[in-house]
S.K.: 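Have a look at the structure that comes next, please.
Counting starts at 1 for both ligands and their atoms, following the listed order.
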Amino acid sequence: MPTNKKSALKKESLVKDIKKDIKEKVKEKKKRETFQSVKGIREILPEEEFWWDKFEKAVKKTAQFYNFRRIETGIVEQAGLFEKSLGDEVVNKEMFFLKSGGGKWVLRPEGTAPTARAYLQYGFSKLTQPVKLYYFGPMFRYENPQAGRYRQFYQAGFEIIGGENDAIFDAQTILGAWRFFEYVGLKDVEMKLNSIGCRSCRINITKRLVNYFKSKKKKLCKDCDRRLVENPLRILDCKKEECKEVAEGAPIFLDGLCSQCRIHFKNVLEYLEELKISYEIDNTLVRGLDYYNRTVFDFFYKGGEGKKLAIGGGGRYDYLMEMIGGRPTPACGFSLGVERVIEALKDKKGDMGEKKRSSVFFIHVGEVAKKRGLCLIEELRSAGIQVVESLSKSSLSKQLKLADKAKVELALIFGQKEVYEESVIIKNLKNGIQEVVPISKMVNQVKKKIK
Ligand code: AMP
């Protein structure tokens, strides 16, 4: 066979082998099925721990100062609870229904209705009124996951239930949110406020709105065309530009309030002024849920480059208890979107999630040092010193690299010589200065250096 032909054949068989190899690799990859988190579910990763802690601490501090007590209701609720209280828009579009077991259950989309349900179920009306409760947990909405809108997200909420429908409680609710923003370190918060009146004002206002929207029907989006018949108030809530424009010219709620609702709102504003809490009245603010009446408000974070984030909101919900089978019970509250508040905090201060946490990295050299090291680490820990180690690694350079990554200031180096001399090297990783100290003085010396 001529050499040319021989080498061509060789090439051909080589290509065949490579192709076969690739095919097998693809097959193998297919066999190793891997899983991803479900679309729209945002998970909390270790580097975010700092922010979540910060949020939770501010929630607790607010609760302690204003005497709110914690309640954590179940994540799964009877669908009826929300069907009765939230309105068709949310129920039909945003709820996660669970079908197993023949019951009609849902993953809770918000925390107020469950808290009200618990108030009834556990007879909280027998306690001194109002009852102040707070919660912190995951909520689920079948949203179209886009920037900042998740299908599982966390909310912290504060509710004042029972007592009188005094405007002082609306103001105290808002004050609670204001203090939270202060404790968590968020200054650039803007509050929008409105009153949507009571049932009788609502009839009056709805009539005026329907007349107005009918005259602008052509400009409304498809959804709002439907809302015009089903729930005209929600047209004011539509996020589409064309509808927002129409909403701007709509008749305003405040003009349609009855005298009692008008007085209530005036009192809320006076209290806020007394408390020096700034607000902006937004005539288009309705908040989407059926259970709200009178005062409603939303909080926004305003960052650089026109960044605007809805970080929370709330209002009065005097009719909710009746809607879910209880007696008329005045109530008001607010909830905060945890991921959104964290996003705002990050936007403000840059990512501090990688903040230094551990104080000391323990480095060992050799088997004997590894064994003795176990006890030294425990001695440090019981003295309240945070220690990071990597006892499974034997190489000194690898351990030093890890110490660098852990962003610790001090490394403790413990090798054969130190075992023999009952000493340890304390090295400052920032300036490279190191000293040898006896083991008996290790804890004290480390404590002095990490102060
Ligand atoms: P709402 O219960 O709709 O009034 O929402 C209160 C706050 O929760 C909002 O201002 C947002 O900060 C947050 N929030 C609501 N829906 C979502 C979502 N799908 N994903 C993330 N955060 C949300």
S.K.: So if I count the atoms of ligand 1 from 1 in the order they appear, which ones are less than 4.0 Å from some heavy atom of Glu143?
M.R.: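 Ligand 1 atoms under the 4.0 Å threshold to Glu143: 16 (N), 18 (C), 19 (N).
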
S.K.: Do ligand 1 and Tyr150 have nitrogen or oxygen atoms that lie under 3.5 Å from each other?
M.R.: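 Between Tyr150 and ligand 1 (N or O atoms, distance only) the closest approach is under 3.5 Å.
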
S.K.: Can you tell me how far the CD atom of Gln155 sits from the CZ atom of Arg340, to the nearest 0.5 Å?
M.R.: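 That separation rounds to 10.0 Å.
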
S.K.: What residue and heavy atom of the protein are closest to atom 10 (O) of ligand 1, and at what distance?
M.R.: Gly312 N, 3.0 Å

S.K.: For Arg262 versus Asp255, what's the shortest heavy-atom pair and its separation?
M.R.: NH2-O, 3.8 Å

S.K.: Could you pull out the closest heavy-atom pair between Leu402 and Ser390, with the gap in Å?
M.R.: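 Scanning both residues completely, I find the closest heavy atoms to be CD1-OG, 3.5 Å.
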
S.K.: Who's the nearest protein heavy-atom neighbour of atom 12 (O) of ligand 1, and how far?
M.R.: Ala310 O, 2.8 Å

S.K.: Examine the proximity of ligand 1 to Arg287 and report which part, side chain or backbone, both or neither, has a heavy atom under 4.0 Å away.
M.R.: side chain

S.K.: Tell me which one of Tyr134, Tyr292, Phe158, Phe181 satisfies ring-ring contact (aromatic ring centres under 6.0 Å, His included) with Phe334.
M.R.: Phe158

S.K.: What's the shortest distance from atom 21 (C) of ligand 1 to any protein heavy atom, and which residue and atom give it?
M.R.: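 Of the protein heavy atoms, Gly148 O, 3.3 Å lies nearest.
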
S.K.: Test your reading of the structure: does Gly313 have an N or O sitting under 3.5 Å from an N or O of ligand 1?
M.R.: no

S.K.: Going by heavy atoms, is Arg149 under 4.0 Å from ligand 1?
M.R.: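 So Arg149 counts as touching ligand 1.
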
S.K.: Please check: side-chain N/O of Arg108 versus main-chain N/O of Pro138, any donor-acceptor pairing under 3.5 Å?
M.R.: yes

S.K.: Among all protein non-hydrogen atoms, which one is nearest to atom 6 (C) of ligand 1, and what is the separation to 0.1 Å?
M.R.: Gln155 NE2, 3.3 Å

S.K.: Quick check on the 6.0 Å ring-centre criterion: do Phe299 and Tyr279 meet it?
M.R.: no

S.K.: Which of the numbered atoms in ligand 1 are below 4.0 angstrom from a heavy atom of Gly337?
M.R.: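 Those qualifying, in numeric order: 7 (C), 8 (O), 12 (O), 13 (C).
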
S.K.: Are Tyr301 and Glu343 close enough, and set up right, to give a side chain to side chain donor-acceptor pair (under 3.5 Å), and what steps lead you there?
M.R.: CA-CA 10 Å; Tyr301 163 75; Glu343 194 184 332; over 6 Å; no

S.K.: Please compare Arg141, Glu94, Glu110, Arg151 and report which has the shortest non-hydrogen distance to atom 15 (C) of ligand 1.
M.R.: Arg141

S.K.: To the nearest 0.5 Å, how far apart are CD1 in Ile174 and CG in Leu275?
M.R.: 9.5 Å

S.K.: Between Met139 and ligand 1, which part of the residue brings a heavy atom under 4.0 Å of the ligand: side chain, backbone, both or neither?
M.R.: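 Neither part.
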
S.K.: Just need the protein heavy atom nearest to atom 14 (N) of ligand 1, so name the residue and atom and give the distance.
M.R.: Phe153 CE1, 3.7 Å

S.K.: If you measure only the distance, is there a donor-acceptor pair under 3.5 Å linking the side chains of His264 and Asp170?
M.R.: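 Present: a donor and an acceptor within the cut-off.
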
